[in-house]
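Not measured: the values here are computed from a predicted model. Counting from 1, the numbers follow the sequence of the chain as shown.
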Amino acid sequence: MAIQRIIIAALIATSLIYMATAIPGTATFYTTYVPSACYGFQDQGTMIAAANPSLYNNGAACGRRYRVKCTGATNAGIPQPCTGNEVTVTIVDLCPGCGNDQLDLSREAFSIIANTDAGRIITDYNQ
């Protein structure tokens with residue numbers, strides 16, 4: 001019984017830490033992954049993202065991993081796009097057209113956390 005209480009407490013603490021450090025933002029997706037600003041023609045898989053110019057910081061974000069969770073819709077077309085899942089992505093590219101606190105996820109990563117028909121979603125993310 002004591003072990004179950006410790007496990008439950010650890011899960012609650014992890015959730016609270018995630019919520020306290022999460023950055024609210026938005027996410028979109030893209031489908032052409034190579035070449036990338038960070039790795040050129042070197043394939044980095046599909047659990048990847050392009051960072052907004054501020055986050056990219058002249059390439060300082062390359063290789064950083066972020067955990068992303070969909071928290072809501074940005075349009076009425078898909079009122080509940082979120083799947084309830086989280087995804088961890090690696091920054092491999094720059095998204096020059098992205099706004100502050102926006103990530104451009106690979107289509108595969110986006111589809112784990114939301115319906116791709118939504119196109120843009122509200123997110124929380126943290127490193």
Q: Apply side chain to side chain donor-acceptor pair (under 3.5 Å) to Q44 and list each qualifying residue two or more places apart in sequence or on a separate chain.
A: none
(Q) Run the side chain to side chain donor-acceptor pair (under 3.5 Å) test against N75 and tell me which residues pass, sequence neighbours left out. (A) none
Q) From C98 SG over to Y30 OH, what is the distance, rounded to the nearest 0.5 angstrom? A) 9.5 Å
**Q.** Any donor-acceptor N or O pair under 3.5 Å, side chains T28, D104
**A.** yes
Q: Name all residues meeting the side chain to side chain donor-acceptor pair (under 3.5 Å) criterion together with T88; count only those two or more places apart in sequence or in a different chain, and write none if there are none.
A: none
(Q) Distance check, rounded to the nearest 0.5 Å: I78 atom CD1 versus I121 atom CD1? (A) 12.0 Å
Q: For Y39, check ring-ring contact (aromatic ring centres under 6.0 Å, His included) against everything at least two apart and list the hits.
A: none
Q) Would you say the side chains of Y33 and E108 form a donor-acceptor pair under 3.5 Å? A) yes
Q: Kindly indicate, with the supporting measurements, whether the criterion side-chain contact (heavy atoms from CB on, under 4.5 Å) is fulfilled by M47 and I112.
A: CA-CA 10 Å; M47 292 301 114; I112 289 172; 3.8 Å; yes
Q.
Taking the side chain as everything from C-beta on, heavy atoms only, tell me whether L103 gets closer than 4.5 Å to T123.
A. no
Q: Name all pairs fulfilling the ring-ring contact (aromatic ring centres under 6.0 Å, His included) condition that reach into residues 85-121, sequence neighbours left out, sorted by first residue then second.
A: F29-F110
Q.
Is it the case that atom CD in Q80 sees more than 12 heavy atoms from other parts of the structure closer than 6.0 Å?
A. no
**Q.** Distance (rounded to the nearest 0.5 Å) between Y66 OH and T90 OG1
**A.** 11.0 Å
Enumerate, atom names and distances included, each donor-acceptor pair closer than 3.5 Å involving a side-chain atom of residues 48-57, sequence neighbours excluded.
| unit_1 | atom_1 | unit_2 | atom_2 | d |
| --- | --- | --- | --- | --- |
| N52 | OD1 | S54 | N | 3.0 |
| N52 | OD1 | L55 | N | 2.8 |
| N52 | ND2 | Q102 | O | 3.1 |

**Q.** Nearest-0.5 Å distance that lies between atom CG in D101 and atom CD1 in I23
**A.** 6.5 Å
